[in-house]
Novice: 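Have a look at this one.
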Amino acid sequence: MSIRSQWCEFDKEERKYIKKRDKDKCVICKNKGALQIMHIFINRSHGGRGIRTNGCLGCIKCHKIIDNPIGVEQNKRSKELLEFCKQYLIDVENINFNDDFIDKS
């Protein structure tokens, strides 16, 4: 596994914490089946870290809409869902969102 992949991947402890914090269900639709951890503030393709303040649980359907929206309606919905997840993480993790939040190194 490359260093970048290790940086982006959620390790075992982070996964366990996120599952417990999100009550083992999608934070958007509350579905309990086929869950994945979604990168929220900085996505994986842009080097988003696999840490609890950048991830939350989502079902396959919600994750797909956020990551790969198709068409105008899904594109609009994707932005809404992403904003919902960002606000969720800000609230539950008490994130002080400012310029220092993003590691520029």
Side-chain angles (χ1 to χ4, degrees):
M1 183 180 285
S2 71
I3 293 173
R4 182 176 183 271
S5 292
Q6 290 174 1
W7 174 267
C8 296
E9 189 62 36
F10 292 93
D11 68 22
K12 185 178 179 180
E13 291 302 313
E14 290 294 307
R15 287 179 178 279
K16 187 177 176 181
Y17 174 87
I18 291 168
K19 286 180 177 184
K20 184 176 181 179
R21 179 197 67 204
D22 297 346
K23 298 176 178 73
D24 214 15
K25 60 185 172 185
C26 177
V27 298
I28 299 165
C29 70
K30 310 302 183 211
N31 188 348
K32 290 190 172 212
L35 299 172
Q36 302 171 333
I37 299 177
M38 306 179 288
H39 287 77
I40 300 301
F41 287 103
I42 304 171
N43 62 27
R44 186 184 180 104
S45 65
H46 289 101
R49 292 186 65 194
I51 57 175
R52 62 187 67 177
T53 54
N54 190 40
C56 63
L57 281 180
C59 68
I60 291 174
K61 183 179 176 185
C62 292
H63 195 181
K64 182 179 177 184
I65 291 171
I66 287 175
D67 278 357
N68 300 304
I70 298 171
V72 176
E73 283 300 313
Q74 274 194 9
N75 210 347
K76 181 181 173 188
R77 183 75 175 134
S78 172
K79 291 175 185 171
E80 292 169 355
L81 296 180
L82 194 55
E83 285 305 313
F84 175 85
C85 291
K86 286 178 181 181
Q87 191 58 53
Y88 170 79
L89 284 174
I90 289 169
D91 293 343
V92 299
E93 291 293 336
N94 297 316
I95 295 171
N96 183 10
F97 194 72
N98 58 33
D99 290 338
D100 296 331
F101 179 77
I102 299 173
D103 182 13
K104 297 175 179 93
S105 58

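Since the structure is predicted, the reported quantities are computational estimates derived from the model, not experimental observations.
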Novice: Kindly work out whether a path of hydrophobic side-chain contacts (I/L/V/M/F/W/Y, heavy atoms less than 4.5 Å apart) joins I18 to L35.
Specialist: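 Yes: a chain of side-chain contacts under 4.5 Å links I18 to L35.
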Novice: Any non-hydrogen side-chain atom of Q74 less than 4.5 Å from a side-chain atom of K64?
Specialist: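 The answer is no; the side chains never approach within 4.5 Å.
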Novice: Are there more than 12 heavy atoms of other residues, nucleotides or ligands under 6.0 Å from atom NZ of K30?
Specialist: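 Correct, the count exceeds 12.
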Novice: Taking the side chain from H39 and the backbone from C8, do they hold a donor-acceptor pair closer than 3.5 Å?
Specialist: yes
Novice: By the definition side-chain contact (heavy atoms from CB on, under 4.5 Å), identify the one residue from I28, I40, V92 that meets it with C56.
Specialist: I40
Novice: Looking at R77 and I65, what are the two nearest heavy atoms and their distance?
Specialist: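 Minimum heavy-atom contact is CG-CG2, 4.1 Å.
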Novice: How far does NZ of K23 sit from NZ of K32, to the nearest 0.5 angstrom?
Specialist: 10.5 Å
Novice: So, do T53 and F41 sit near enough that their side-chain heavy atoms are less than 4.5 Å apart?
Specialist: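 T53 vs F41: side chains apart.
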Novice: So how far is it from R21 CZ to L89 CG, rounded to the nearest 0.5 Å?
Specialist: 5.0 Å
Novice: Locate the shortest heavy-atom distance separating M38 from L57; write the atom from each residue and the value.
Specialist: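 Shortest heavy-atom separation between M38 and L57 comes out as CE-O, 3.7 Å.
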Novice: Identify whether I90 and I51 are in the same connected component of the hydrophobic contact network (ILVMFWY, side-chain heavy atoms under 4.5 Å).
Specialist: no
Novice: Report the C-alpha separation of R52 and E13 in whole Å, then their side-chain angles, then the decisive distance to 0.1 Å, and conclude whether the salt bridge (Lys or Arg N to Asp or Glu O under 4.0 Å) test is met.
Specialist: CA-CA 10 Å; R52 62 187 67 177; E13 291 302 313; over 6 Å; no
Novice: If I take atom CZ from residue R44 and atom CZ from residue F10, how far apart are they, to the nearest 0.5 angstrom?
Specialist: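 Those atoms lie 8.5 Å apart.
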Novice: Working to the nearest 0.5 Å, report the span between CG of N68 and OG of S78.
Specialist: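 Between atom CG of N68 and atom OG of S78 there are 9.0 Å.
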Novice: Establish whether I95 and F84 are linked, either directly or via other cluster members, by ILVMFWY side-chain heavy-atom contacts under 4.5 Å.
Specialist: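 I95 clusters together with F84.
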Novice: Are Y88 and I37 linked, directly or through other ILVMFWY residues, by side chains that come within less than 4.5 angstrom of each other?
Specialist: no
Novice: From K86 NZ over to N54 CG, what is the distance, rounded to the nearest 0.5 angstrom?
Specialist: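 So the NZ of K86 and the CG of N54 are separated by 10.0 Å.
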Novice: Mind checking the SG-CD1 spacing from C26 to I60? Nearest 0.5 Å is all I need.
Specialist: 11.0 Å
Novice: Which heavy-atom pair separates E14 from D11 by the least distance, and what is that distance?
Specialist: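 Nearest heavy atoms, E14 then D11: N-OD1, 2.8 Å.
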Novice: What are the two closest non-hydrogen atoms of G33 and C59, and how far apart are they?
Specialist: O-CB, 4.0 Å
